[in-house]
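This report concerns only the one structure given below.
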2 protein chains.
Amino acid sequence: MFSIGALSDRTGVKIPTIRYYEEMGLMPEPERTAGNQRRYTQAGLDRLGFIKHARDLGFTIEAIRALIDLNDRPDHSCATANAIATAQLDDVRAKIARLQRLETELVRIATHCDGKGRASDCYVLTSLADHGLCETAH
Amino acid sequence: MFSIGALSDRTGVKIPTIRYYEEMGLMPEPERTAGNQRRYTQAGLDRLGFIKHARDLGFTIEAIRALIDLNDRPDHSCATANAIATAQLDDVRAKIARLQRLETELVRIATHCDGKGRASDCYVLTSLADHGLCETAH
DNA sequence: TCTTGAACCTCTAGTTACTAGAGACGTTAG
DNA sequence: CTAACGTCTCTAGTAACTAGAGGTTCAAGA
Ligand SMILES: [Zn+2]
Ligand SMILES: [Zn+2]
Ligand SMILES: [Zn+2]
Ligand SMILES: [Zn+2]
């Protein structure tokens, strides 16, 4: 049996976060000691590892809840898991595309200002005031 | 003079958001009609455009506050503006790098599952449970 | 001028995924 | 047995909004 601190040490998930996952229904309610402290089994540790890995990959709590439900029903079709993973990939790709457009603009903005001029003719301020100077839609 | 709705229409910033910016000190408190409704000048419209553009480029409210302060002091050095823009660029690049690592993993995960199997041997679920299958640190 | 419907007002609370802190209680090594 | 550390619940705070309730004001047409 593991205390909540032991789980935290083994997974890198902070203690309040583990309690938060419990409240959100991702972690099952564990057994308690006579003094009301949580005690986890190996299954609890494994589940927290699953949650952490999914969070590290950017899945939302809601998506993880669906994935865990599926994990608990081995005979069920994995179509939902596939849909969730694919949606997450699409989301990540959309975010990358947007950030690359921002990068383009920020490179332009940062390179046209050396930080040594006055605010009145600073390219950073000018280009924030005028989207017409931008090269991309963003 | 523009009503808050006119400002919203012209900039694409929603009305509650404009009020929120006012509360955060980004928008100056505008004049009011006898009936307490906000009335903005061209300067207010310009400032909202500045804020929107900066938000679209990912700057935080705090960063924008600093940039606006600088905009209001034309004789001041633009060193701070340069520092803020550079930091924002670094931040965007770090986010892109992380998302590209996630993309690598998600492509692997999504392509090894056709969504037609059972949950018990679904690659999506397996690989979420085991970070050892990952190709990158993330 | 009156009316009516859209726009506006303030205030509270909800969103996401946590994080911090207060004050009290439990556990364990020496 | 006691000190020190771990854990408990609860509240509130974070970023940047968004939604809704309940009430007031504005503007345009009759
Ligand atoms: Zn400059
Ligand atoms: Zn732009
Ligand atoms: Zn599958
Ligand atoms: Zn991994």
Side-chain angles (χ1 to χ4, degrees), chain A residues 1-27 29-40 44-45 47-48 50-68 84 87-88 91-92 95 98 102, chain B residues 1-27 29-40 44 47-48 50-68 84 87-88 91-92 95 98 102 138:
Chain A
M1 303 294 267
F2 308 99
S3 69
I4 197 168
L7 241 68
S8 177
D9 290 345
R10 263 156 245 244
T11 60
V13 178
K14 289 182 186 146
I15 290 173
T17 305
I18 298 173
R19 293 198 274 246
Y20 170 74
Y21 288 157
E22 182 181 322
E23 200 177 349
M24 292 299 102
L26 297 192
M27 287 293 286
E29 292 189 14
E31 286 180 43
R32 301 280 185 139
T33 63
N36 202 37
Q37 295 193 359
R38 290 168 178 83
R39 288 297 177 271
Y40 295 92
L45 180 55
R47 169 158 295 189
L48 185 56
F50 183 101
I51 296 167
K52 166 134 177 61
H53 197 207
R55 284 296 298 132
D56 285 349
L57 288 167
F59 290 91
T60 63
I61 298 288
E62 176 134 331
I64 295 170
R65 207 188 333 260
L67 291 167
I68 284 174
I84 291 172
Q88 177 61 13
D91 193 58
V92 164
K95 282 187 172 132
R98 169 159 184 268
L102 299 197
Chain B
M1 303 294 268
F2 309 100
S3 68
I4 197 169
L7 242 67
S8 176
D9 290 346
R10 264 155 245 246
T11 60
V13 178
K14 289 181 186 149
I15 290 172
T17 305
I18 298 173
R19 293 198 275 247
Y20 170 74
Y21 290 157
E22 181 181 325
E23 202 178 347
M24 293 298 102
L26 297 191
M27 287 293 285
E29 290 188 17
E31 285 180 43
R32 302 280 186 138
T33 64
N36 201 36
Q37 296 193 359
R38 290 168 179 83
R39 287 296 177 270
Y40 296 91
R47 169 157 296 189
L48 186 56
F50 183 100
I51 295 167
K52 165 134 176 64
H53 197 205
R55 284 296 298 130
D56 284 348
L57 287 167
F59 290 91
T60 64
I61 298 287
E62 175 133 332
I64 296 170
R65 206 189 333 260
L67 291 167
I68 285 174
I84 290 171
Q88 178 62 11
D91 193 56
V92 164
K95 282 186 172 132
R98 170 160 183 267
L102 299 197
H138 55 97

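A note on names: the letters A, B, ... follow the listed sequences, proteins ahead of strands, and every chain is numbered from 1.
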Starting at [atom1] of [X], measure out to [atom2] of [Y] and round the result to the nearest 0.5 Å.
X	Y	atom1	atom2	result
A:Ile64	A:Leu26	CD1	CG	6.0 Å
A:Tyr40	A:Leu45	OH	CG	11.0 Å
B:Arg47	B:Met27	CZ	CE	7.5 Å
A:Leu102	B:Gln88	CG	CD	7.5 Å
B:Thr11	B:Leu48	OG1	CG	4.0 Å

Exercise. Taking for each residue the nucleotide of DNA chain C with the nearest heavy atom, is it A:Glu62 or B:Gln37 whose nucleotide lies nearer the 5' end?
Worked result: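 Mapping each residue to its closest nucleotide by heavy atoms, the 5'-most match is B:Gln37.
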Could you tell me how far apart [X] ([atom1]) and [N] ([atom2]) are, to the nearest whole angstrom?
X	N	atom1	atom2	answer
B:Asn36	C:dC11	CG	C1'	14 Å
A:Ile61	C:dG14	CD1	P	19 Å
B:Ile15	D:dT18	CD1	C1'	13 Å
B:Met27	D:dC17	CE	C1'	16 Å
A:Asp9	D:dT7	CG	C1'	13 Å
A:Arg38	C:dC25	CZ	C1'	14 Å
B:Phe2	C:dA7	CZ	P	18 Å
B:Asp56	D:dA16	CG	P	14 Å

Exercise. D:dT25 phosphate, OP1 or OP2: any side-chain N/O from B:Arg39 under 4.0 angstrom?
Worked result: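 Checking B:Arg39 against D:dT25: no side-chain N or O falls below 4.0 Å of OP1 or OP2.
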Exercise. Can you pull the salt bridge (Lys or Arg N to Asp or Glu O under 4.0 Å) pairs that have at least one residue in residues 51-67 of chain B, sequence neighbours excluded?
Worked result: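 Counting only pairs at least two positions apart or across chains, the salt bridge (Lys or Arg N to Asp or Glu O under 4.0 Å) contacts touching residues 51-67 of chain B are B:Lys52-B:Asp56.
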Problem set entry | Residues in contact with DNA chain D, drawn from residues 16-25 of chain A - heavy-atom cutoff 4.0 Å |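 Residues of residues 16-25 of chain A that come under 4.0 Å of DNA chain D are, in numerical order, A:Arg19.
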When you measure from the side chain of [X], which nucleotide among [options] comes out closest?
X	options	answer
A:Arg32	C:dT10, D:dA16, D:dC8	D:dC8
A:Ile4	C:dC18, D:dC8, C:dC8	D:dC8
A:Thr33	C:dA17, C:dT19, C:dG26	C:dG26

Problem set entry | A:Arg38 and A:Glu31 ion-paired at < 4.0 Å |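 Between A:Glu31 and A:Arg38 there is no salt bridge, as every charged N stays at least 4.0 Å from the carboxylate O atoms.
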